[in-house]
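To start, the structure under review is shown below, and the notes come after it.
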Amino acid sequence: MSLTEQSASARVSAERSRYVARGVSTPKLVVESAGGARVKDVDGNTFLDFAGGIACQNTGHGFGPVVAAVHEQADRYLHQCFMVGTYEPYVEVCRRLAELSPCGTGEQRSILVKSGAEAIENALKIARVATGRPAVIVFDNAFHGRTLLTMTMTSKVKPYKAGFGPFAPEVYRTPAPYPYRGITSDDAIAALEHLFKGDVDPETVACVVLEPVQGEGGFIPMPPDFPARLHEICRTHGILYVDDEVQSGVGRTGTMWAIEHYAGVEPDLLVSGKSLGGGLPLAGVTGRQEIVDAVPPGGLGGTFGGNPLSCAAAVAVLDAVSQPAFLAAATRLGATMRERLDGLASRHAAIGEVRGLGSMLAFELAEQTPDRAQAVVAAAFDRSLLLLACGLYGNVIRLLPPLTIADDELDEGMTILEEALTEG
Ligand SMILES: Cc1ncc(COP(=O)(O)O)c(C=O)c1O
């Protein structure tokens, strides 16, 4: 290419800078196509994808059953608005969510929306009406979205909150367990009791919202005892337990929902999203009938919520992921990834901890600055591996390959990761 010739990526990036709000952060990658665990850019370079559009590709790019279901649905109708015309794909997703729900036995109902944040907002609406209470308790290192309420609930100032206040009222924060940084389940329980003494009357709390494995906050799995202990406290005070599985759900941890790894807890509301739609926008709130139906007709909804194409995709996703063989493969993948990461940690002193659940794995760099993690992500990109950092300090590298990735592709990615860590 001559010096005056621009690559296709450079041309699109320049147009992007010219026309797209800079508040939407700008990656280097300009995509042409994607399939399985690979993404091809507009200049013909191929990348191995350990990012999955931020945890949205558990079934891989262009998963056959999803693409077929979307094509078929596209030929029938694209939109109805579920509040104007009932359509079967929406009902079918809700049926599957009911059958797969971790929220106990008995009839389950769901509402479908367009994003994780919108689903969290709806979970809050439902919890408030069901309990008649206003407050919500959230945790350190939480990420629940970018709308006013969910941004308030999110636990990272820059870039998610800085300058965007005033924030929503009646949101209270308390420490979550983070054993690597010295916060145990006992500490977190004590802090919650302290919150009830000092800041908020538990009798005014509608719900707690917790990710079983905190995602953006650094892939921090809750210790085995914590969800059940929190649940018990919720029971005592009539508080609902909302399980945010937007990132940890849909097979990522080797079970349909990460909360299934925890004994003694039955959430009141499940929030799902991301990989649920197989790449199309879909999220949901699921719970027992008496809780979800506390909201009268018309109180929940939205023009595009549960779009038919997204629902057709989700039916295919849920049918595939709920197969025992699919989940067993996800568990095996997680074991292989962890072994590789443990090996990496034994050779690289910068790694402070390898952690996660199933195939939702990450390593935290001991130093609490983003620089090294950013360098590793950049070095991986230069070697054609897409990676994401996370964590309050941006010092965690998370791995989100498709659960369908081939052994040799995983091996290739892990080898590049080590090279990137050595160089970065
Ligand atoms: C746990 C969790 N909850 C909620 C959200 C918000 O989802 P969305 O970006 O679809 O609004 C995210 C997004 O990363 C998430 O990880």
Side-chain angles (χ1 to χ4, degrees), residues 23-25 27 50-58 102 111-127 136-156 159-161 164 168 171 173 176 207-222 227 241-253 256-259 261 267 269-286 302 304-307 310 313-314 317 356-362 388-392 394 396 398-400:
V24 188
S25 61
F50 279 17
I54 317 190
C56 295
Q57 297 295 333
N58 286 1
I111 173 176
L112 302 180
V113 292
K114 302 175 293 296
S115 70
E118 193 186 1
I120 293 282
E121 294 252 359
N122 276 279
L124 259 286
K125 285 169 67 173
I126 293 167
V136 50
I137 288 175
V138 291
F139 293 86
D140 284 347
N141 302 308
F143 185 93
H144 298 297
R146 292 171 177 269
T147 60
L148 174 62
L149 178 56
T150 58
M151 161 179 76
T152 308
M153 295 166 66
T154 285
S155 171
K156 187 170 182 173
Y160 303 129
K161 300 166 83 136
F164 295 138
V171 176
R173 187 176 310 285
C207 62
V208 301
V209 183
L210 178 64
E211 301 154 79
V213 183
Q214 292 182 311
E216 304 301 304
F219 275 37
I220 307 166
M222 293 299 105
Y241 186 119
V242 179
D243 177 32
D244 181 350
E245 298 254 9
V246 170
Q247 191 152 169
S248 59
V250 193
R252 174 53 59 184
T253 67
M256 182 56 78
W257 312 110
I259 200 73
H261 290 275
L269 292 171
L270 166 81
V271 179
S272 55
K274 288 196 184 275
S275 280
L276 177 66
L280 273 73
L282 191 72
V285 185
T286 302
F304 283 113
N307 169 267
S310 300
V317 166
L357 206 52
S359 297
M360 188 168 179
L361 291 172
L388 294 172
C390 61
L392 190 59
V396 180
R398 56 178 148 173
L399 306 187
L400 289 162

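For the numbers below, each heavy atom of this structure counts, side chains included, while hydrogens, waters and symmetry mates do not. Sequential numbering from 1 along the given sequence is applied to the chain's residues. We count ligands from 1, going down the list as the structure has it; atoms in each ligand are counted the same way.
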- Taking only residues two or more places apart in sequence or in another chain, which ones pass salt bridge (charged side-chain N to carboxylate O under 4.0 Å, His left out) with Glu118? Lys114
- Item | Donor-acceptor contact present, side-chain Asp243 to main-chain Pro267, <3.5 Å | no
Please tabulate, one line per pair, the protein N or O atoms found under 3.5 Å from any N or O atom of ligand 1, giving the distance to one decimal.
residue: ligand 1; atom: 3 (N); partner: Phe143; partner atom: O; Å: 3.3
residue: ligand 1; atom: 3 (N); partner: Asp244; partner atom: OD1; Å: 3.3
residue: ligand 1; atom: 3 (N); partner: Asp244; partner atom: OD2; Å: 2.7
residue: ligand 1; atom: 10 (O); partner: Gly116; partner atom: N; Å: 2.8
residue: ligand 1; atom: 11 (O); partner: Gly116; partner atom: N; Å: 3.3
residue: ligand 1; atom: 11 (O); partner: Ala117; partner atom: N; Å: 2.8
residue: ligand 1; atom: 14 (O); partner: Lys274; partner atom: NZ; Å: 3.0
residue: ligand 1; atom: 16 (O); partner: Gln247; partner atom: NE2; Å: 2.9

- Query: Is Arg398 reaching over with its side chain to a backbone N or O of Gly218, donor-acceptor style, under 3.5 angstrom?
  - Reply: no
- Task: Give a yes or no on whether the backbone of Ala168 and the side-chain of Thr152 come within a donor-acceptor separation of less than 3.5 Å.
- Result: yes
- Message: Check whether Thr150 reaches the backbone of Ala117 with its side chain - one donor and one acceptor, N or O, closer than 3.5 Å.
- Response: no
- Task: Verify, without hydrogens or angle tests, whether Gln247 (side chain) and Lys274 (backbone) share a donor-acceptor contact under 3.5 angstrom.
- Result: no
